[in-house]
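Below is one structure; the comments refer to it alone.
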Amino acid sequence: MTQNPLPLTDEQHAEIAALLPWYVNGTLDDSGRHRLDRHLDTCASCRADLQLDLQIHRRISSNPSVEFIPTKASLQRLNQSLDALSQEAPEPSRTLSNLRPAWRGGRPALFAAAAALIPLAVGMGVLGSNLWKPGDSRSPAPYRTVTTGEPHPADEVIRAVFAPSITISEMQSILDEAGLRIVAGPSAAGVYSLAATSEKPVDASLALLRAHVAVRFAESTQPSPAGPP
Amino acid sequence: MSPVPRPSTQHSDARSLAAIADGDRQALESLYLAYHRRLARFLSRFTSQYETVEEIINDTFLTVWTGAREFRHASQVSTWIFGIAYRTTLKALRRQKQHALVDPLDACGEPGSDPSELADVRDWLSQGLARLSAEQRLTVELAYHMGYSVEEIAEITAVPVGTVKARMFHAREKLRRHLPELRGYGPDEE
């Protein structure tokens, strides 16, 4: 089946073919890349394998528009775990044996309570370090209403709060349907700033959000066309 | 494309790790924030549940906290941290006895693609990935999703380069069997 005019043994061929995943992800050094380039010119089997690798790479490397971002609560939970650890071993030589992460089966009540409050994810890489500063994690977040406090991103059209149990897939589906994307958030109160990705009227997007049980709150930040009564 | 950090980042990471070894929690928080996004991106391939992602990341950084003094600069800090995350994830996957805690591929859309074709490929890939061993699945994700070189994956997974290649070879063979048309021939020619 393999049409390979090069005088390669099966072992040599397998050695070159094994480099294909890293040829596709761009991490082969020049020597390996040139070697594979030459081999692909003459090996139909590896050219077919390359198509498979490109398909896999394209699917796996495609970035979802919703990403996990640490919240202030994330750091609080890390510090709580460190506190528990330091009670067992004051110095950082420390042992993990007495700590039992929740994913191992049991779920500490403190974690469960905190997790229930956590906003899920945020997208597009517009956020990050300005959400909070390292070291302030022990300070309780000041109470804010959804509509006051932090400045709005310029392209924000809607602010929303999602159910804490929402998954990436569910959130992505809701945002896609409503023609929205995340531009900031979650805030300490779990509020996401959403911008439009289509010509859909903001009111229509708002109605779609409000129709979902996983959307706990949604409001337009656009001024009313009619103005105040 | 390889996620090798820039030299300035490497130095910064090394300084943070030295401070962590001295018990500096703020240094740990800084490193946590610096790596959370990348680790979460990796872990989100195995679960769409934020709580699970965060638990594994927290466990990883607890190990960073306890093990910072043992870091000997034989590898980059980023590779060391991903190695810890790899082992933590591996344990979680083995404990779950499945290789995707929740299928995350539904979250990956590609605007402009034919929806039916995309669904077919996604379905094929989901099924194929679910059939891989935990080590094979992690190797595939480290290469295709995170863009690590074969040498970096060998460091992260603490196995020889040849083992990484062998895991990838067997993973691709399993995946290939699930979508023969992408190989350019039908199943009857296999």
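A note on names: the letters A, B, ... follow the listed sequences, proteins ahead of strands, and every chain is numbered from 1. Worth saying up front: this structure is predicted, and the values here are computed from it rather than measured.
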| query | Between A:Leu19 and chain B, which part of the residue has a heavy atom less than 4.5 Å away: side chain, backbone, both or neither? | reply | side chain

| field | Rounded distance [0.5 Å steps], OH in B:Tyr32 versus OG in A:Ser74 | value | 4.0 Å

| said: Need one label for B:Val150: side chain, backbone, both or neither, based on atoms under 4.5 Å from any heavy atom in chain A. | reply: both

| query | Between atom CD1 of B:Ile57 and atom CZ of A:Arg77, what is the distance when rounded to the nearest 0.5 Å? | reply | 11.0 Å

| field | Worked check of side-chain contact (heavy atoms from CB on, under 4.5 Å) between B:Arg25 and A:Asp83 | value | CA-CA 10 Å; B:Arg25 279 206 192 185; A:Asp83 288 341; 2.7 Å; yes

| query | chain A heavy atoms under 4.5 Å from B:Leu39: which part of the residue, side chain, backbone, both or neither? | reply | neither

| said: If I take atom CD1 from residue A:Ile60 and atom CG from residue B:Leu125, how far apart are they, to the nearest 0.5 angstrom? | reply: 5.0 Å

| message | Nearest 0.5 angstrom please: B:Leu175 CG to A:Arg59 CZ, how far? | response | 13.0 Å

| request: Dump the intermediate steps for side-chain contact (heavy atoms from CB on, under 4.5 Å) on B:Glu151 and A:Thr27, then the final yes or no. | output: CA-CA 10 Å; B:Glu151 293 83 7; A:Thr27 60; over 6 Å; no

| task | Working to the nearest 0.5 Å, report the span between CD1 of A:Ile56 and NE2 of B:His145. | result | 15.0 Å

| Of the listed residues (A:Ala17, A:Ala14, A:Ala18, A:Pro21), which shares the most heavy-atom pairs with chain B below a 4.5 Å separation? | A:Pro21

| Sorted by number, residues from residues 160-173 of chain B in contact with chain A (heavy atoms, under 4.5 Å) | B:Val164, B:Lys165, B:Met168, B:Arg172

| query | For the residue pair A:Leu78 and B:Asn58, what are the closest heavy atoms and their distance? | reply | N-ND2, 3.7 Å

| Which value, rounded to the nearest 0.5 Å, describes the distance between B:Leu28 atom CG and A:Leu82 atom CG? | 5.5 Å

| query | How close do A:Pro70 and B:Leu33 get, heavy atom to heavy atom, and via which atoms? | reply | CG-CD2, 4.0 Å

| request: Examine the side chains of B:Tyr144 and A:Asp53 and answer whether a donor and an acceptor come within less than 3.5 Å of each other. | output: yes

